[in-house]
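A quick note: this is a predicted structure, and the numbers were derived from the prediction, not measured. Counting convention: from 1, in listed order, for ligands and their atoms alike.
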Amino acid sequence: MWEFTLHVDRGRERTLFMQLANAIVEDIRRGRLLPGDRLPGTRTLAGKMGVNRVTVSAAYDELAAEGWIVTHPARGTFVAAEPPPGPSGRPHAVESAGLGEPAYVLPPGPSPTRWLQPARGVLMLRSNCPDTRLVRVDPLARAYRRVLRRSGGSLLGYGDPEGLLRLRRAIAEMLRGTRALAASAENVLVTRGSQMAIALAGRALLRPGDTVVVEEPGYRHAWDAFAQSGAGIVAVPVDRGGLDVDALARVAVRTRVRAVFVTPHHQLPTTVTLEQGRRRKLLELAHVHGFAIVEDDFDHEFHFDGRPVTPLASADPSVVIYIGSFSKTFAPGLRIGYLVAPSSVVRQLAACRQAIDMQGDPALEAALAELIEDEEIQRHVRRVKRVYQARRDVLVDALERRLGDAVSFAVPAGGLGLWIRVASGIDADRWAAASYRLGAAFLTGRAFTVENRYRPFARLGYASLDEQEIRQAVDRLAAALPEGRVARTKNTA
Ligand SMILES: Cc1ncc(COP(=O)(O)O)c(C=O)c1O
């Protein structure tokens with residue numbers, strides 16, 4: 001709402017109504033008032049300014065006559081869509097809204113990214129996004145309403161930076177039941193998504209000059225969070241068995257490693273699962289070298305073939321900070337994730353959290369706790385898991401039929417995307433650009449490297465598109481293959 005800030009000067013020679021009119025013009029020029037903004041009624045403005053209503057009417061009449069504002073008898077008074085012509089005949093210059101450039105200098109930080117709104121008609125094979133069209137919003141809305149009503153306002157106040165106790169209990173119980181993680185409420189910190197959990201772990205563990213080891217290919221947003229702590233990032237390769245722990249051991253001998261970030265269940269982006277032997281070795285190395293393992297288990301439930309693998313944290317919670325999220329299993333927009341660690345660590349991380357975010361959203365946390373207690377979340381996961389598995393199969397089938405030997409991949413046992421190698425002779429980045437022009441977008445291997453290096457891979461997320469959209473997207477991928485490199489399909493039926 002526009003706040004009128006002029007203090008009229010009764011001693012000045014200019015009439016009051018002209019002072020008022022000029023001040024409104026000034027606010028339009030500076031972009032404080034935008035085309036189409038509603039101005040207050042004459043009575044309201046006169047009351048606020050302590051002037052006669054006739055004065056405000058005279059100012060509005062003057063501005064309307066000059067073309068700065070328009071008055072609709074029934075609807076009110078609005079800033080005109082375009083400023084009136086100035087003395088030169090061209091419209092008066094109006095500064096664009098916003099504050100312009102700072103006069104101070106910001107030291108370099110992570111490169112600014114913007115949320116990519118899909119262009120109209122472009123099918124986004126987003127790397128790791130669930131389909132929020134599948135969320136039943138009514139149970140969520142009802143739970144929110146119920147908890148707010150019952151709380152008598154207490155959920156609208158300040159609360160515990162560790163998160164609402166009821167939700168921490170519900171999460172701990174869920175983890176004990178489904179992930180063999182012997183956690184209780186005091187081991188759980190509720191965060192805004194796993195991203196905040198990753199950033200808090202980085203903040204607490206790392207100091208400028210420290211080393212954190214990450215998987216490559218891997219998850220860039222985690223690296224950006226660690227870089228903010230001033231840590232050096234060392235990439236260790238991932239192969240079919242997950243993180244190359246022998247390579248990690250060599251790094252740990254040379255360098256004091258403080259933390260290792262892994263996605264061992266469905267590695268992002270390759271979807272491979274860390275082999276048993278490597279799991280044991282990683283935990284051993286943590287003890288030998290004194291580093292913490294930050295385990296990001298962002299999509300634990302979406303394991304389609306066989307049972308999910310239990311987290312590293314269930315084998316040895318003393319060296320692991322375990323991170324989970326409701327972003328993939330329910331909805332990313334709720335921004336609810338969690339971190340599990342010994343209670344002393346949880347308390348310290350909660351203090352870091354308080355410094356930037358005070359606390360979470362207690363009403364939403366209570367509503368989510370209710371949905372977990374009522375098994376609504378668990379039902380949702382069972383339902384969408386079947387849908388995602390079917391989508392995975394449709395994508396695999398469409399790729400085999402339409403792209404043939406232009407790509408090769410292993411069918412992943414879980415996760416929400418496929419990691420595909422493009423055949424030699426096809427430039428993955430050019431193919432992605434051509435696909436985008438034809439209406440299908442995906443990330444290439446480059447996006448998952450520390451140094452933004454070319455890699456002949458693509459990550460095709462399938463969860464956020466329905467089966468028909470997936471087939472359509474693959475048709476576009478096929479049409480975007482370079483000329484002369486039309487796929488030899490395995491099955492032309
Ligand atoms: C590997 C990985 N970790 C963490 C996240 C962040 O999820 P959120 O902060 O929404 O829980 C994502 C999101 O795509 C992810 O792919």
Side-chain angles (χ1 to χ4, degrees), residues 110 113 115-116 124-132 135 163 167 171 174-175 188-203 212 214-226 228 233 235 238 242-243 259-274 293-303 308 311-313 320-340 349 353 356-357 360-361 364-365 368 377 381 388 412 414-419 441-443 445 447-450 459-464:
T113 50
W115 170 245
L116 258 191
M124 308 281 279
L125 292 143
R126 284 193 189 278
S127 168
N128 224 2
C129 269
D131 189 346
T132 48
V135 174
L167 179 59
I171 291 171
M174 179 185 86
L175 296 178
V188 177
L189 171 67
V190 178
T191 56
R192 294 200 194 263
S194 24
Q195 186 61 32
M196 178 188 258
I198 295 168
L200 289 176
R203 232 172 228 228
V212 54
V214 302
E215 302 162 324
E216 187 182 60
Y219 185 56
R220 175 172 305 282
H221 292 298
W223 310 337
D224 285 345
F226 298 143
Q228 287 200 352
I233 302 212
V238 169
L243 183 79
V260 175
F261 175 76
V262 279
T263 51
H265 196 206
H266 307 127
Q267 201 269 338
L268 190 97
T270 63
T271 71
V272 298
T273 302
L274 189 65
I293 298 168
V294 180
E295 177 178 25
D296 181 5
D297 197 12
F298 54 97
D299 63 352
H300 182 85
E301 288 82 350
F302 297 135
H303 198 79
L312 292 168
V320 180
I321 293 182
Y322 178 77
I323 292 171
S325 177
F326 291 94
S327 285
K328 318 293 168 190
T329 44
F330 196 54
L334 298 186
R335 306 307 307 136
I336 298 191
Y338 50 90
L339 174 152
V340 179
L349 292 185
R353 184 262 174 80
I356 48 173
D357 190 37
D361 174 341
L364 188 59
E365 290 176 14
L368 186 64
I377 298 289
V381 168
Y388 294 153
L416 299 177
L418 253 57
W419 181 243
F442 61 90
L443 290 175
F448 304 93
T449 64
V450 173
R459 163 96 184 175
L460 304 182
Y462 49 76
S464 64

Check: At under 4.0 Å between heavy atoms, which part of S325 makes contact with ligand 1: side chain, backbone, both or neither?
Finding: side chain
Check: Which heavy-atom pair separates F448 from W419 by the least distance, and what is that distance?
Finding: CD1-CZ3, 3.9 Å
Check: Is ligand 1 less than 4.0 angstrom away from at least one heavy atom of K328?
Finding: yes
Next item on the list: Taking all non-hydrogen atoms of both residues into account, name the closest pair between P130 and A463 and its distance.
Entry: CA-CB, 4.2 Å
Check: So which heavy atom on P311 is nearest to which on D297, and how close?
Finding: CG-OD2, 4.1 Å
Check: Near G193, which atoms of ligand 1 are under 4.0 Å from a heavy atom of that residue?
Finding: 9 (O), 11 (O)
Notebook entry, point to check: Do the side chain of E295 and the main chain of L312 share a donor and acceptor less than 3.5 angstrom apart?
Noted result: yes
Checklist line | Backbone of T191 reached by a side-chain donor or acceptor of R353 within 3.5 Å | finding: no
Checklist line | For F326 against M174, the heavy-atom pair lying closest together | finding: CZ-CE, 4.2 Å
Next item on the list: Identify which of R335, M196, H266 has a heavy atom lying nearest to atom 9 (O) of ligand 1.
Entry: R335
Note to self: Tell me whether R192 has any N or O atom under 3.5 angstrom from an N or O of ligand 1.
What the structure shows: no
Note to self: Looking at every heavy atom in both I198 and A225, which two are closest together, and how far apart are they?
What the structure shows: CG2-CB, 4.3 Å
Item checked: Closest approach of any protein heavy atom to atom 2 (C) of ligand 1, naming residue and atom -> D296 OD2, 3.4 Å
Check: Who's the nearest protein heavy-atom neighbour of atom 16 (O) of ligand 1, and how far?
Finding: N128 ND2, 2.8 Å
Checklist line | For atom 10 (O) of ligand 1, closest protein heavy-atom neighbour | finding: S327 OG, 2.6 Å
Check: Going by the order shown, which atoms of ligand 1 are within less than 4.0 Å of some heavy atom of S194?
Finding: 4 (C), 5 (C), 6 (C), 7 (O), 8 (P), 9 (O), 11 (O)
Check: How far is atom 12 (C) of ligand 1 from its nearest protein heavy atom, and which residue and atom name does that atom have?
Finding: Y219 OH, 3.0 Å
Check: Can you check whether Q195 has an N/O within less than 3.5 Å of an N/O in ligand 1?
Finding: yes
Next item on the list: Just do the side chain to side chain contact (heavy atoms under 4.5 Å, CB included) check on Y219 and V214 with the steps written out, would you?
Entry: CA-CA 9 Å; Y219 185 56; V214 302; over 6 Å; no
